[in-house]
Amino acid sequence: MFTKEQLEKWEQMGYVFPPEYANWAVKEVVKKDSTPKMMQVKLLNTPEDFNGIVEFEVVTNITKDSKHSFTFTLWDVDSILSDSPDTNTDSFLGQTTFKVKDKNVFKFLLTEEMRNKAFADIEFGSAECYIQVSHPDAESVYSRVFKVSKNRIGKKSGNGPCDPVLVKKLVLSDKERAIFLATLWGETWGEIELKEVAWVYYNLIQKYGFNSGMANSYFYLHGPKDPYGLYKSILYYLGEGPEYENDPVKTGGTIKTYIKGPFFKDVVIPRLKRQMEFVDSKVLIEKPKTCIQGWFGQGYWGDMNIRFKADWTRVWAMATMYYNLQQTNKAHKILVKEYNAFNYKGQNITTFIFDRDSILLYFEQEHPNIMPENYFDIPQMLYYDKIPD
């Protein structure tokens with residue numbers, strides 16, 4: 001039997017050993033990285049109100065090979081006598097997770113829901129907020145405190161305050177509810193800022209029935225065939241897809257093992273739970289109320305840039321055209337709402353919800369000469385790295 005020293009010396013000289021010896025040598029000589037993991041957070045841009053985005057950078061020696069994600073939490077300083085972070089007493093406003101990257105610059109959207117939490121029981125004109133950055137391998141760090149106005153400053157998105165109307169209860173089986181939630185995750189990357197998309201599918205189901213209504217979603221139609229298994233894994237996690245348990249996943253393993261992996265645990269589940277809370281408390285209830293009754297159209301900015309005249313794509317072009325008219329005050333009725341969001345990769349997934357039938361009526365009957373003959377003359381939605389005004 002060779003000694004450890006001989007193996008090390010010969011391996012350094014380039015000799016190849018039988019697997020049982022080489023593996024033993026490697027196990028003996030490889031040392032774990034014991035460097036302490038550290039983080040710092042630097043604010044790059046802060047919003048004026050809760051209709052904007054905090055952009056910040058995490059400086060760290062944690063590499064993208066980490067099995068864990070960053071967790072970002074927004075807090076509101078509760079004590080008027082202090083502007084220092086204290087997560088034991090401060091108010092929790094919201095949370096999201098992102099994977100570690102080479103350049104860790106992230107964008108955190110401040111929503112209307114966060115605004116309501118911040119001003120639930122106070123009359124101040126602004127909130128004192130900060131971001132907590134957490135990772136299992138390092139101590140949490142905190143950004144400096146920044147002020148966010150109570151009043152909405154941006155007014156063009158079309159998704160401001162409204163008077164919700166009472167609508168009919170939507171009755172779904174347990175299986176249908178799971179499919180509804182999985183589809184919502186797929187259409188929105190699970191981002192809570194896009195939760196209103198749930199109402200689009202509520203409307204579609206109420207008008208066309210469950211299968212025909214859900215068939216408006218690409219994710220619903222193709223999810224069962226997706227080799228990465230996200231659709232199946234969400235159904236399986238929710239207890240409504242036992243038949244998928246042993247289905248293979250392209251990244252390795254099966255659905256059963258996939259839901260135990262870091263991506264599903266750190267990225268999918270937290271977002272799924274937030275959207276599930278919204279659906280179960282606002283949509284699937286006895287007396288639901290919505291601001292977009294009868295709206296059947298939805299698409300992220302990439303969809304809105306499609307310019308083909310096929311029956312199922314032309315409405316995106318028409319909605320984009322109407323949005324431009326709406327933004328320039330040439331059309332005064334709000335038929336398109338804009339919702340800014342970024343997915344866990346930091347990619348812009350700004351999404352639009354629109355009143356499909358009213359927009360078709362506007363261009364095809366009421367104003368037939370406004371729509372350009374060449375759809376490619378309609379301005380593009382340029383949202384690659386857009387931060388809302």
Side-chain angles (χ1 to χ4, degrees), residues 41 43-56 58 70-80 83 85-98 106-134 140 142-162 164 184 188-199 270-283 291 337-344 346 348-351 353 386-389:
V41 57
L43 293 179
L44 302 178
N45 288 292
T46 57
E48 293 180 304
D49 66 9
F50 280 88
N51 190 34
I53 289 170
V54 181
E55 185 177 17
F56 57 96
V58 178
F70 289 124
T71 298
F72 305 135
T73 308
L74 184 70
W75 297 92
D76 175 28
V77 178
D78 268 358
S79 174
I80 61 175
D83 60 358
D86 184 352
T87 56
N88 292 318
T89 59
D90 293 338
S91 296
F92 170 87
L93 300 184
Q95 190 175 78
T96 190
T97 56
F98 284 104
F106 303 98
K107 297 168 183 175
F108 194 159
L109 183 65
L110 307 192
T111 65
E112 188 73 16
E113 183 179 1
M114 295 176 188
R115 175 185 180 275
N116 293 338
K117 288 181 180 179
F119 299 101
D121 55 1
I122 59 174
E123 296 299 326
F124 296 127
S126 63
E128 307 279 336
C129 299
Y130 63 90
I131 289 177
Q132 176 186 4
V133 180
S134 304
S140 294
Y142 307 88
S143 74
R144 62 174 172 81
V145 175
F146 56 94
K147 287 187 177 182
V148 186
S149 174
K150 178 179 181 180
N151 298 320
R152 297 180 65 88
I153 296 174
K155 301 183 185 299
K156 287 192 174 182
S157 64
N159 60 349
C162 71
L184 180 61
T188 64
W189 294 71
E191 299 304 332
I192 195 64
E193 294 83 8
L194 304 182
K195 63 183 184 295
E196 299 296 327
V197 171
W199 288 113
R271 287 165 169 78
L272 177 62
K273 286 183 176 179
R274 288 195 289 270
Q275 287 195 333
M276 190 159 47
E277 181 183 1
F278 172 76
V279 169
D280 289 341
S281 65
K282 299 295 184 181
V283 182
C291 291
K337 293 174 180 277
E338 173 188 353
Y339 297 87
N340 303 116
F342 294 84
N343 64 17
Y344 71 94
N348 195 315
I349 54 170
T350 290
T351 292
I353 294 175
K386 179 178 182 294
I387 298 177
D389 297 328

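These figures come from a predicted structure and were not determined experimentally.
We find the CG-CG distance between L74 and L93 to be 4.5 Å, quoted to the nearest 0.5 Å. Interatomic distance, CD of E191 versus CG of N340, reported as 12.5 Å (0.5 Å rounding). The NZ atom of K147 sits 13.5 Å away from the CD atom of E48 when rounded to the nearest 0.5 Å. Note that the OG1 atom of T46 and the CG atom of L44 stand 10.0 Å from one another [nearest 0.5 Å].
For the residue pair S140 / S134, a side-chain donor-acceptor distance below 3.5 Å is found, with atom types taken as modelled. No side-chain N or O of Q95 forms a donor-acceptor pair with one of T71 less than 3.5 Å apart. R271 and T97 are linked by a side-chain donor-acceptor pair at a separation below 3.5 angstrom, with hydrogens and angles left out of the test.
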Inset, instruction - Take D90 and Y130 through the side-chain hydrogen bond (donor to acceptor under 3.5 Å, both in side chains) test and state the conclusion after the steps. - result: CA-CA 10 Å; D90 293 338; Y130 63 90; 2.7 Å; yes
Inset, instruction - In sequence, state the C-alpha distance, the side-chain angles, and the governing distance for F92 and K117, and then conclude on side-chain contact (heavy atoms from CB on, under 4.5 Å). - result: CA-CA 8 Å; F92 170 87; K117 288 181 180 179; 4.1 Å; yes
Legend entry - Step-by-step side-chain contact (heavy atoms from CB on, under 4.5 Å) determination, W189 to F342: CA-CA 9 Å; W189 294 71; F342 294 84; over 6 Å; no
Inset, instruction - Go through T96 and Y344 one step at a time and tell me if the side-chain contact (heavy atoms from CB on, under 4.5 Å) criterion holds. - result: CA-CA 8 Å; T96 190; Y344 71 94; over 6 Å; no
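When side chains are defined from C-beta on, V41 does not count as touching R144, because their heavy atoms never get closer than 4.5 Å. No side-chain heavy atom of S126 sits under 4.5 Å from any side-chain heavy atom of V148. Looking only at side-chain heavy atoms (C-beta outward), K195 and F278 come within less than 4.5 Å of each other. In this structure the side chain of W199 reaches within 4.5 angstrom of the side chain of V283, judged on heavy atoms. Within the 4.5 Å cutoff, side-chain heavy atoms of L184 are placed close to those of V279. A heavy-atom distance below 4.5 Å is not found between the side chains of C129 and V145.
Taking the centre of each ring, F108 and F56 stay at or above the 6.0 Å mark.
The two residues I353 and V197 have their closest heavy-atom pair at CD1-N, 3.7 Å. Across every non-hydrogen atom of P47 and V54, the tightest pair is CD-CG2, 3.6 Å. For the pair G94 and M114, the tightest heavy-atom approach, listed with the atom from each and the gap, is CA-CE, 4.1 Å.
Put simply, the side chain of E128 never gets that close to the backbone of F146: no donor and acceptor are under 3.5 Å apart. Judged by distance alone, with hydrogens and angles left aside, the side-chain atoms of T351 form a donor-acceptor pair with the main-chain N or O of I349 at under 3.5 Å. Although no hydrogens or angles enter the test, the distance criterion places a donor-acceptor pair under 3.5 Å between the side chain of S143 and the main chain of I131. A donor-acceptor contact shorter than 3.5 Å is absent between the side chain of R115 and the backbone of S149.
By the 30° and 60° cut-offs, the orientation of the rings of F106 relative to F70 is perpendicular.
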